There are 4 protein chains.
Amino acid sequence: MTDNLPSRGSRGADRTASIMRATLDLAQEVGYAKLSVEGIAARAGVGKHTIYRRWPSKGAVFLDALLSSLDHDLNFPYTGDIVADLREQMTNAVALLASPPFGRLYAALVGEAQHDPAVAATLYERFVKPQIDKAIARLKTAQDEGQLSLDLDLRMALAILYGAYYHNLLLLPDAVSVKDVDAVIDTLFKIGFGPPQGA
Amino acid sequence: MTDNLPSRGSRGADRTASIMRATLDLAQEVGYAKLSVEGIAARAGVGKHTIYRRWPSKGAVFLDALLSSLDHDLNFPYTGDIVADLREQMTNAVALLASPPFGRLYAALVGEAQHDPAVAATLYERFVKPQIDKAIARLKTAQDEGQLSLDLDLRMALAILYGAYYHNLLLLPDAVSVKDVDAVIDTLFKIGFGPPQGA
Amino acid sequence: MTDNLPSRGSRGADRTASIMRATLDLAQEVGYAKLSVEGIAARAGVGKHTIYRRWPSKGAVFLDALLSSLDHDLNFPYTGDIVADLREQMTNAVALLASPPFGRLYAALVGEAQHDPAVAATLYERFVKPQIDKAIARLKTAQDEGQLSLDLDLRMALAILYGAYYHNLLLLPDAVSVKDVDAVIDTLFKIGFGPPQGA
Amino acid sequence: MTDNLPSRGSRGADRTASIMRATLDLAQEVGYAKLSVEGIAARAGVGKHTIYRRWPSKGAVFLDALLSSLDHDLNFPYTGDIVADLREQMTNAVALLASPPFGRLYAALVGEAQHDPAVAATLYERFVKPQIDKAIARLKTAQDEGQLSLDLDLRMALAILYGAYYHNLLLLPDAVSVKDVDAVIDTLFKIGFGPPQGA
DNA sequence: AGTTAAACGAGACGGTACGTCAGGTCTTCAT
DNA sequence: ATGAAGACCTGACGTACCGTCTCGTTTAACT
């Protein structure tokens with residue numbers, strides 16, 4: 001969606017940038033629910049059609065605005081220690097996605113994806129799947145190196161690792177903290193769900 | 001919300017029931033996004049005001065309709081085996097919340113909660129928190145019985161257990177299956193995230 | 001169109017009145033071409049839908065507003081002298097339809113009727129035909145009384161009598177004057193189109 | 001307006017012709033009300049700017065298209081008999097302006113003139129005034145020859161002669177017929193509005 | 001023949017208004 | 001005196017054209 005710029009010139013890019021900015025600004029000011037294409041257009045000093053020419057819905061604009069704004073580095077490091085690397089990446093991810101102002105906005109985006117299949121598809125293709133692929137690749141390497149059980153279903157492992165974050169972000173009233181990452185990783189890698197060791 | 005029935009008589013209950021039914025029917029037919037109070041009123045043969053008198057928003061009606069429709073038993077059994085009991089309850093829960101037609105509707109409800117704080121609060125109070133409390137109680141019992149590590153943060157453990165389901169329901173395009181419950185429980189209780197046992 | 005008031009109460013009449021007033025005011029201020037339903041609604045302090053509920057187009061609102069505002073007496077007197085009676089009625093009519101502010105507005109209405117068949121039909125039914133019928137009746141009486149030739153096609157005679165006014169109003173840049181009525185009547189009844197009498 | 005061709009070459013004339021044709025075609029297909037500069041440009045295979053370079057508004061394009069298409073001979077013959085000559089010219093004029101497809105289009109043009117002063121001015125200068133001037137000249141000759149009363153106000157006489165046609169074209173639902181010309185001329189020149197001759 | 005400047009098609013652009021839909025409030029009437 | 005019906009104001013929707021403005025591309029006149 002970002003790349004359907006008109007091939008004609010650089011005007012398109014300028015408009016796009018101001019629309020993205022206006023979208024984020026407004027979303028933070030009034031919340032996603034009260035965001036409107038009309039409002040974005042007015043704030044960006046742009047005709048409504050200029051928005052509809054590029055995006056099919058308010059959700060799509062918002063998705064682009066949010067994703068392009070958090071184009072930070074969420075890649076996995078490789079130190080040879082899968083636990084340390086996971087902790088590092090997840091801490092970065094949660095710091096980005098759970099801290100103001102992006103936490104509520106990202107939650108709103110995931111929420112909108114439940115109502116709009118197009119947003120869901122784009123969110124998956126543009127953000128979720130790439131992140132999953134990178135994570136799976138790192139886990140696979142660790143598994144090959146003997147750091148993870150060969151019986152581990154990596155996709156399920158990933159859902160478990162990240163699931164706690166989504167569970168808390170989307171269902172609990174309290175904000176998610178980066179410290180929760182440590183709790184998750186310690187629980188999964190050190191403590192375990194089984195009965196006490198000494199038993 | 002269900003209980004602010006008019007004290008006058010039993011007519012209120014009838015209206016409420018027909019509104020709930022109309023809401024669910026419409027939600028399944030056109031999807032949550034295209035649901036409207038206007039449509040619900042028309043379908044239920046009821047004035048709009050009769051709905052607004054009871055609920056503050058379409059999300060609230062939908063929440064009531066959905067929760068009251070899945071008023072099934074999601075309690076935890078007690079057989080003395082925490083793994084078996086968790087498996088039993090989670091299987092029931094996922095069977096209910098992930099299978100058609102409730103899967104997408106429940107996802108839509110969680111999605112709406114991201115946009116509407118009132119819905120979020122009600123969903124939490126009426127459904128999420130009670131379920132969490134019951135789960136925590138069961139886990140606590142297991143911990144006291146020595147079936148779970150004393151180091152386990154039960155709230156985090158719960159987020160991990162259920163998180164995988166929410167992660168997959170809300171982010172992945174594929175439907176969630178009850179078989180995933182077994183995978184989660186096996187992964188957490190049997191396989192573990194650590195290096196292979198024999199290592 | 002005026003009478004499709006809701007049978008429910010008197011609110012409708014109030015809204016209708018304020019819409020009519022706003023329409024006329026705006027039409028005089030900015031001209032018919034720049035009149036808009038949106039503008040009328042804003043000026044009348046009314047939702048657009050309240051207008052669309054009653055009228056199908058801006059032309060229809062304008063027609064109602066204009067016709068109901070000039071609900072003056074355009075009936076024919078009966079003094080026994082057809083020439084005097086025609087002069088009287090036509091003078092009244094032209095004084096109303098040709099003088100500010102109604103002259104240009106009435107011309108605009110006739111103009112709109114050329115673009116919108118619904119406006120044309122309503123204008124004809126509500127205004128043109130009733131006026132024609134009254135005029136024909138008066139002319140018929142005069143014919144029966146021997147004041148008009150029996151060979152006279154009354155419908156054509158009427159078109160000729162009034163035609164000059166419409167010709168000048170719609171085609172000439174200059175304003176139409178009530179004095180033109182005398183000229184028309186004198187030309188038709190006194191001077192005639194034939195060669196000079198003495199010839 | 002037709003003659004502000006580019007001094008550069010003959011391309012301009014080609015474009016103008018295709019624009020005129022597209023305008024008339026579209027006007028007949030969808031009616032004047034739904035005509036748009038955008039539609040004309042698309043139909044003519046021409047950029048919008050090419051139209052705006054030549055004409056200030058859709059009304060102006062339409063006026064040019066219509067007038068240049070009916071560039072027939074509406075001049076007055078001179079046989080020495082004013083009644084015959086008037087009958088001849090008016091029959092030609094009405095045959096042109098009242099018969100399909102030009103009748104409704106010409107009415108639409110007169111209608112548009114009521115909304116757009118520029119169209120009104122151009123219509124007057126380019127069509128109405130020249131026709132009036134020719135008619136006045138012919139009437140003046142007849143008056144000088146003793147075929148018309150010296151008391152006759154020729155401008156008013158003209159308005160009366162043509163007025164019936166405009167009255168019927170613009171106000172009545174029925175189509176105007178060339179036979180009406182005979183009725184008008186017979187009424188004015190033979191029958192007269194006065195009382196029966198024998199009286 | 002090569003250069004240059006206009007006219008050109010295409011269509012993006014900021015706007016205005018369209019006609020529709022739903023939100024949430026308020027009034028009327030029937031039961 | 002409760003509730004169905006629905007009028008009402010508001011605000012946003014997504015669309016259609018407006019008239020202006022670049023874009024590159026012909027195209028014809030003038031070097």
Side-chain angles (χ1 to χ4, degrees), chain A residues 5-12 14-16 18 34-42 44-58, chain B residues 6-9 11-12 14-15 18 34-42 44-59, chain C residues 5-12 14-16 34-42 44-58, chain D residues 5-12 14-16 34-42 44-58:
Chain A
L5 302 176
S7 52
R8 268 326 173 78
S10 56
R11 279 179 304 159
D14 299 346
R15 318 285 178 180
T16 298
S18 73
K34 292 191 179 169
L35 199 61
S36 71
V37 172
E38 202 132 349
I40 294 170
V46 139
K48 281 202 290 180
H49 191 50
T50 300
I51 294 180
Y52 282 112
R53 197 180 295 127
R54 290 175 165 81
W55 297 275
S57 65
K58 113 177 174 179
Chain B
S7 52
R8 252 339 167 81
R11 273 184 304 166
D14 300 345
R15 318 284 180 186
S18 73
K34 292 190 178 171
L35 200 62
S36 70
V37 172
E38 205 129 347
I40 295 170
V46 139
K48 281 203 293 179
H49 194 50
T50 301
I51 294 179
Y52 280 112
R53 198 177 295 125
R54 291 176 166 83
W55 297 274
S57 65
K58 115 178 171 180
Chain C
L5 302 176
S7 53
R8 267 330 172 76
S10 55
R11 278 179 305 158
D14 300 344
R15 318 285 178 180
T16 298
K34 292 191 180 170
L35 199 61
S36 70
V37 173
E38 202 131 349
I40 294 170
V46 139
K48 280 200 291 180
H49 193 50
T50 299
I51 295 180
Y52 282 112
R53 196 180 297 127
R54 291 175 164 83
W55 297 275
S57 65
K58 114 177 173 179
Chain D
L5 302 175
S7 53
R8 241 3 152 74
S10 56
R11 276 182 303 160
D14 299 346
R15 320 283 179 183
T16 298
K34 291 191 180 171
L35 200 61
S36 70
V37 173
E38 204 129 348
I40 295 170
V46 139
K48 283 201 292 177
H49 194 51
T50 299
I51 295 179
Y52 281 112
R53 198 178 294 127
R54 290 173 165 82
W55 297 275
S57 66
K58 115 178 172 180

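These numbers come from a predicted model, not from an experiment. Chain letters run A, B, ... following the sequence lines, proteins first, then strands; residues in each count from 1.
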Work out which heavy atom in [X] is nearest to a heavy atom in [Y]; give both atom names and the distance.
X	Y	answer
A/Val46	A/Ser18	CG2-OG, 4.4 Å
C/Arg54	C/Thr16	NE-OG1, 2.9 Å
A/Lys58	A/Leu35	NZ-O, 3.0 Å
B/Gly39	B/Ser36	N-OG, 2.9 Å

Open item on the list: Between E/dG23 and B/Lys58, counting only base atoms on the nucleotide and side-chain atoms on the residue, is there a donor-acceptor pair under 3.5 Å?
Closed with: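 Side chain to base: no pair below 3.5 Å.
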For [X] and [N], give me the distance from atom [atom1] to atom [atom2], rounded to whole Å.
X	N	atom1	atom2	value
A/Asp14	E/dC13	CG	P	10 Å
C/Ile40	E/dC18	CD1	C1'	13 Å
A/Lys34	E/dA22	NZ	P	21 Å
A/Arg15	E/dG15	CZ	P	10 Å
B/Leu35	E/dC21	CG	C1'	14 Å

TODO: Let me know, please, whether C/Val37 or B/Gly39 comes out on the 5' side of the other along DNA chain E by nearest nucleotide.
DONE: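 Final value for this comparison: C/Val37.
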Quick one: is [X] getting a side-chain N or O under 4.0 Å of the [N] phosphate, OP1 or OP2?
X	N	result
B/Thr50	F/dA4	yes
C/Arg54	F/dC8	yes
A/Arg53	E/dG11	no

Measure from the side-chain heavy atoms of [X] and tell me the nearest of [options].
X	options	answer
C/Lys48	E/dA17, E/dT20, F/dC17	E/dT20
B/Ser36	E/dA22, F/dC13, F/dC9	E/dA22
B/Glu38	F/dC13, F/dC8, E/dA22	E/dA22

TODO: Return the 5'-most residue of the pair B/Gly47, C/Ala44 with respect to DNA chain F, ranking by each residue's nearest nucleotide.
DONE: B/Gly47
TODO: Could you pick out which residue, D/Tyr52 or B/His49, lies toward the 5' side of DNA chain F when each is mapped onto its nearest nucleotide?
DONE: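 Comparing both residues, the 5'-ward one is B/His49.
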- [ ] Output the distance between atom CD (D/Glu38) and atom CD1 (D/Ile40), rounded to the nearest 0.5 Å.
- [x] 11.0 Å
